[in-house]
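Step one of this worksheet: look at the structure below.
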Amino acid sequence: AKRTGRGRHARFHGALEASARYRRLIETDLREAIARRELFLHYQPIVRAEDGATVGYEALLRWHHPVRGPISPLDFIPVAEETGMIDEIGTFVLHEACREASRWTSDRTIAVNLSPAQFRSSALAAQVAAALAASGLPAGRLELEITESVLLDASSNNLALLRQLKQLGTRIALDDFGTGYSSLSYLCTFRFDKIKIDRSFIREICDSREALAVVQAITGLSRSLGIATTAEGVESAEQAACLRREGCTQLQGYLYGRPVPADALPERAGAPIRL
Ligand code: C2E
Ligand code: CA
Ligand code: CA
Ligand code: CA
């Protein structure tokens with residue numbers, strides 16, 4: 001039993017060391033990544049449930065490491081949040097996404113993810129305003145996606161910051177709804193424009209009565225409150241049919257399109273050259 005215990009300990013210790021080393025590597029290289037232009041955005045369509053027409057795109061951050069290749073945002077965003085690099089990266093994403101959307105031939109919306117860590121800076125609203133001003137993008141075309149953890153700490157200044165963002169004229173979406181510490185009280189605390197139903201429920205919606213019930217509760221509540229709903233991670237026509245039946249207003253997922261580079265978007269074709 002003693003040997004097993006020590007073996008386990010050694011493996012556990014090794015895994016911890018490896019992950020700590022990996023994080024240090026990410027941290028060091030991430031500092032260089034912006035300047036070296038290794039970070040860029042992909043864009044995934046969001047469609048109207050009724051007819052499948054594209055209404056907007058979500059900007060998703062990508063990092064192509066010169067040696068390691070693509071690194072997932074799920075791996076490097078947490079490191080950026082812990083080290084404070086998220087402010088610089090978040091500013092880059094805002095400017096890049098607004099600049100891109102401002103040159104489209106359509107007036108489709110652009111959704112940008114905001115990390116809860118970006119709310120630590122009281123300059124957040126000023127950063128968003130600067131990205132809008134620099135690009136000339138009308139505020140109404142920018143949708144900011146936040147997670148409920150932003151509202152988790154009732155004593156924080158986050159609600160005031162959120163109201164400042166809303167005041168700019170941007171739309172605010174509540175991302176990953178139904179996971180984590182989800183509380184319906186957040187829907188009373190702040191007037192969201194949209195709720196994004198987490199992919200974990202969409203994945204199960206055709207097979208699990210429980211997942212379906214959760215989706216029905218969210219769409220029903222949203223309808224009563226006059227809030228739009230987007231289902232994330234829609235991969236099959238069956239899931240889409242079910243979500244349409246439940247009155248979900250928008251759909252997003254591989255069924256409609258994977259995240260792609262900006263130059264693959266239809267609104268780029270024949271875009272007028274701006275001087
Ligand atoms: P998220 O905001 O929930 O973004 C949706 C994720 O689901 C994306 O993963 C997207 O590629 C993926 N996805 C979309 N449709 C499907 C589908 O049909 N099936 C499956 N299996 N997956 C689908 P991605 O791009 O790897 O991003 C992961 C997370 O990283 C995001 O989750 C978001 O939390 C974070 N992230 C990405 N870009 C940014 C950013 O610019 N800023 C911040 N703060 N976080 C970001
Ligand atoms: Ca999102
Ligand atoms: Ca999400
Ligand atoms: Ca998510």
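Order of appearance sets the numbers: ligands from 1, and atoms from 1 within every ligand. Because the structure is a prediction, the values reported are computed rather than measured. Position 1 is the first residue of the sequence; numbering continues from there. No hydrogens, no waters, no symmetry mates; every other heavy atom, side chains included, goes into these values.
E81 and S115 form a side-chain donor-acceptor contact under 3.5 Å, judged by distance and modelled atom types alone.
Here the Ca ion (ligand 3) is the vertex; the OD1 atom in D175 and the OD1 atom in D176 give an angle of 90° (to 10°). The Ca ion (ligand 2) is the vertex of the angle joining OE2 of E58 and OD1 of N113, which measures 90° to the nearest 10°.
For atom 35 (C) of ligand 1, the choice among P73, P78, P70, P45 with the nearest heavy atom turns out to be P73. Taking each of N113, I202, L61, L94 in turn, the one with a heavy atom nearest to atom 2 (O) of ligand 1 proves to be N113.
On a distance-only criterion, E145 and ligand 1 share no N/O pair closer than 3.5 Å.
Residue E145 counts as close to the Ca ion (ligand 2), with an N, O or S atom under 3.0 Å.
The shortest separation from a heavy atom of Q252 to ligand 1 is not under 4.0 Å, leaving the residue out of contact. The closest approach between a heavy atom of H42 and any atom of ligand 1 is not below 4.0 Å. Residue contact annotation: E58 has a non-hydrogen atom under 4.0 Å from ligand 1.
Comment: K194 does not engage E145 in a salt bridge, judged by the lack of any side-chain N to carboxylate O separation of less than 4.0 angstrom. Under a 4.0 Å N-O distance rule, the pair R31/E27 qualifies as a salt bridge. Between R99 and E96, at least one side-chain nitrogen of the basic residue sits less than 4.0 Å from a carboxylate oxygen of the acidic one, meeting the salt-bridge criterion.
Residue contacts with ligand 1 for D176 involve side-chain atoms from C-beta outward but no N, CA, C or O (heavy atoms, distance under 4.0 Å). Only the side chain of P259 comes within 4.0 Å of ligand 1, counting heavy atoms alone; its backbone N, CA, C and O stay farther away.
The structure places CG of D29 at 5.0 Å from CH2 of W63, a figure rounded to the nearest 0.5 Å.
Sorted pairs that involve residues 116-134 and meet side chain to side chain donor-acceptor pair (under 3.5 Å), not counting sequence neighbours, are lacking altogether.
Under the 4.5 Å side-chain heavy-atom criterion for Ile, Leu, Val, Met, Phe, Trp and Tyr, L60 and L114 are members of distinct hydrophobic clusters.
Sorting the N, O or S atoms of E232 by how far they are from the Ca ion (ligand 3) puts OE2 first.
You'll find the side chain of F177 stays beyond 4.5 Å of the side chain of F192, heavy atoms only.
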